Protein chains: 4
Amino acid sequence: MALPRSGPIRSQAARSAILDAAAALFAEQGYDLLTIEGIARRAGVGKQTIYRWWPSKGDVLAEAILERRLLGAQRELPDTGDARADIATWLSDLFTLRASPDGEGLLRSLVAAAAGSSETGRRLRTEILAAPLMNRLAVAMGGAAGARLEAAADALVGGVILRALSREDFGLDDMRTLVDTVVGPAPR
Amino acid sequence: MALPRSGPIRSQAARSAILDAAAALFAEQGYDLLTIEGIARRAGVGKQTIYRWWPSKGDVLAEAILERRLLGAQRELPDTGDARADIATWLSDLFTLRASPDGEGLLRSLVAAAAGSSETGRRLRTEILAAPLMNRLAVAMGGAAGARLEAAADALVGGVILRALSREDFGLDDMRTLVDTVVGPAPR
Amino acid sequence: MALPRSGPIRSQAARSAILDAAAALFAEQGYDLLTIEGIARRAGVGKQTIYRWWPSKGDVLAEAILERRLLGAQRELPDTGDARADIATWLSDLFTLRASPDGEGLLRSLVAAAAGSSETGRRLRTEILAAPLMNRLAVAMGGAAGARLEAAADALVGGVILRALSREDFGLDDMRTLVDTVVGPAPR
Amino acid sequence: MALPRSGPIRSQAARSAILDAAAALFAEQGYDLLTIEGIARRAGVGKQTIYRWWPSKGDVLAEAILERRLLGAQRELPDTGDARADIATWLSDLFTLRASPDGEGLLRSLVAAAAGSSETGRRLRTEILAAPLMNRLAVAMGGAAGARLEAAADALVGGVILRALSREDFGLDDMRTLVDTVVGPAPR
DNA sequence: CTATAAACGAGACGGTACGTCGCGTCTTCAT
DNA sequence: ATGAAGACGCGACGTACCGTCTCGTTTATAG
């Protein structure tokens with residue numbers, strides 16, 4: 001099936017060091033200051049080893065995130081029994097994602113990565129951001145599914161992104177309003 | 001009180017040439033390829049003249065957009081009498097914003113600019129993207145105002161942004177579903 | 001007596017392909033652009049097969065030249081009966097050695113090889129350049145031998161090299177003057 | 001005459017630092033290990049500042065040598081009254097030119113530079129190597145001039161170059177034989 | 001009417017990062 | 001054991017821009 005090839009195979013040590021270095025540097029400094037040379041330096045690896053396997057820094061980063069080397073905690077919703085409240089809390093956490101004290105907002109950096117790299121962009125919406133939301137959101141919407149469920153997830157996550165881009169401060173209450181608006185008022 | 005000074009005043013010709021060049025280059029090549037040197041070259045201006053008046057390329061761009069040197073047409077909603085449909089159409093146009101035939105999506109570039117420059121980011125949400133939406137959206141929501149109106153606008157525009165970042169194709173129908181989800185089902 | 005060994009012995013096909021590739025690339029592009037990777041690629045051979053048998057590209061080249069894969073014609077003097085004239089002609093040919101139409105002077109490349117590789121350098125003087133000259137030069141000098149003969153050969157070949165390095169144009173007449181000066185005026 | 005230009009002029013400090021760095025690195029490590037990056041690093045200068053003014057490392061070096069930042073001492077012949085002996089001494093010094101204890105022969109490096117850079121090559125013969133020789137050589141040859149004088153200088157200097165390339169050891173006596181052969185036997 | 005000084009076009013400067021090439025070593029698989 | 005293939009860490013290549021800093025020129029005020 002796979003065409004046979006001779007020669008050395010890909011070094012897993014190098015691959016892993018690169019992804020770790022990319023995740024760490026991204027978390028510390030943000031996407032703009034993330035450079036291929038910096039990743040190579042930190043990983044103790046030649047630049048060519050990065051270019052051999054990834055077309056751009058964005059794709060390195062996308063792979064690092066998908067392997068949960070970044071954003072691990074963010075990928076689970078809390079569960080207090082109240083789905084609407086849990087969603088609002090999770091959105092608020094997403095909004096406040098911070099790397100280092102002086103770091104830029106991590107969410108904003110993630111958006112920059114998605115804007116600059118099709119690979120990151122492609123995965124951001126479904127695999128990274130919206131995925132954790134789906135189950136509980138379906139419950140909160142009274143069993144919605146398909147296009148409407150997707151639209152609601154896009155609206156919630158997108159709303160948070162837009163607010164993060166604006167640099168204004170939004171709190172938990174604002175996120176509650178967002179949830180109420182998109183999901184509809186809470187039943188009583 | 002104003003401290004007296006001699007010498008020539010700011011050249012409007014230079015200012016205008018810079019903003020035009022920035023708008024044109026952004027539309028043609030996107031935010032990542034937008035450079036101060038490129039703007040200066042295109043505008044026939046010294047680099048220092050840019051640095052004297054703006055702190056970064058993002059701020060130049062923000063000013064250019066605000067002066068309607070870019071995105072002019074996008075800033076008005078169509079008016080067919082059906083507010084929900086008009087909003088969906090406008091969102092779809094926003095999603096499809098293209099610069100040149102082969103250009104990257106312009107919306108994605110706008111997001112990159114907003115992620116990279118606080119000035120651009122600050123203005124993007126309220127002054128550029130959401131502003132045209134407000135009046136008609138209030139009508140569509142049956143007279144909503146304040147936080148709920150803002151939340152709905154964020155959800156709609158943010159949803160489109162998230163979808164643009166994902167590089168999937170979304171059509172007018174998808175935008176209609178988005179509107180229905182956020183605004184609520186159409187009354188009959 | 002011969003120590004027994006298992007496994008394949010040195011592949012003559014590989015050895016020959018490497019020397020041919022080195023000679024061809026040297027003739028086409030000069031010494032500076034001659035690379036081990038290029039030789040391996042052209043010869044259809046792994047890099048290691050070159051490194052296994054030669055310590056540097058200079059040594060590969062030296063061997064290629066010595067096996068007459070390069071400079072074959074240059075290694076014989078013409079014979080018109082007039083030794084002084086034959087020497088001048090041969091020196092002029094040496095000076096004009098060209099690889100491809102647009103190639104750098106081949107002699108200059110040879111000098112670069114000699115300067116960069118002790119193996120090539122060691123052999124250039126005695127085995128490659130001066131050797132063909134010796135017999136006829138001895139005749140032209142009236143039976144000189146030993147140190148004086150060697151000195152004369154060095155002076156002639158060295159003079160041509162210096163002139164080639166200078167990038168000026170020298171013709172057959174100039175070479176005649178060189179011969180007259182070193183060998184002494186023609187007897188009448 | 002000269003077309004007027006505005007803007008900053010060339011920094012003499014940078015120019016001088018670059019030439020000094022190139023001369024020092026060449027003397028210490030030879031031509032092959034001389035790199036643009038190394039020169040820039042040593043000179044405390046951006047790479048672009050080198051590329052702005054010189055097309056290649058060879059041209060930087062040529063300029064450094066011509067300004068006597070290198071080989072200063074080598075450019076005068078000793079004067080003991082005996083022109084033939086002085087020439088032989090000078091040739092022997094040329095042959096032995098060394099940079100550092102472990103350095104490659106400096107003359108060989110100079111030849112590599114000349115082979116690799118037309119600018120260096122062009123100047124090497126007339127301005128650097130042969131020039132100091134001319135006056136005394138004319139005397140030794142009994143008033144020779146023009147083409148014959150040039151041919152003799154080429155033969156002497158070229159002979160030394162060829163011998164240096166060969167990596168054999170040649171001493172003062174060998175140089176005396178070279179002089180005798182080229183200049184003709186000493187008169188008595 | 002000067003002088004002064006700011007704004008301007010131009011672009012040199014010390015840097016950082018880019019993406020590519022070649023080095024010499026090492027690893028895999030096939031013969 | 002050899003050989004083809006090629007991944008690896010490394011370091012230099014030549015280019016593009018960064019943001020700062022001169023230059024020489026132009027032009028609006030202040031004296």
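Chain letters run A, B, ... following the sequence lines, proteins first, then strands; residues in each count from 1. Keep in mind the model is a prediction, meaning the values are calculated, not measured.
Remark: side-chain polar atoms of B:Lys57 are paired, donor with acceptor, to backbone N or O of B:Tyr31 under 3.5 angstrom. B:Arg167 places a side-chain N or O within donor-acceptor distance of the main-chain N or O of B:Leu165, the cut-off being under 3.5 Å.
With rounding to whole Å, B:Leu25 atom CG is found 11 Å from F:dC17 atom P. For B:Ile36 and F:dT20, the CD1 to P distance is 11 Å, given to the nearest whole Å. For the pair D:Gln12 CD and F:dC23 P, the interatomic distance rounds to 12 Å; values are reported in whole Å. In this entry the distance linking CD of A:Glu37 with P of E:dT20 reads 13 Å, nearest Å. Here F:dA16 presents its P atom at 17 Å from CG of B:Leu34, a figure rounded to the nearest Å. The interatomic distance linking B:Gln29 (CD) with F:dA16 (P) rounds to 14 Å, in whole Å. At whole-Å resolution of the value, CG in A:Asp32 and C1' in F:dC18 are 14 Å apart. To the nearest angstrom, C1' of E:dG19 lies 16 Å from CH2 of A:Trp54.
Of the candidates E:dA17, F:dA28, E:dA12, the closest approach to any side-chain atom of A:Thr35 belongs to E:dA17.
Nearest-nucleotide positions on DNA chain F for D:Lys57 and A:Ile9 put A:Ile9 closer to the 5' end. Two residues, D:Pro8 and A:Pro55, neighbour DNA chain E, and the one matched to the more 5' nucleotide by heavy-atom proximity is D:Pro8.
For the residue pair C:Ser16/C:Arg69, the side-chain donor-acceptor check at 3.5 Å is satisfied.
Residue D:Ile18 holds its CD1 atom at 4.5 Å from CD1 of D:Ile50, rounded to the nearest 0.5 Å. In this structure, the separation between CG on D:Leu34 and CD on D:Glu28 is 10.5 Å, given to the nearest 0.5 Å.
By the 6.0 Å and 45° rule, C:Arg15 does not stack over the aromatic ring of C:Trp53.
Between B:Leu71 and B:Leu110 there is a side-chain heavy-atom pair separated by less than 4.5 Å.
Shown for residues 38-53 of chain B: residues whose heavy atoms fall under 4.0 angstrom of DNA chain E, namely B:Gly44, B:Val45, B:Gly46, B:Lys47, B:Thr49, B:Arg52, B:Trp53.
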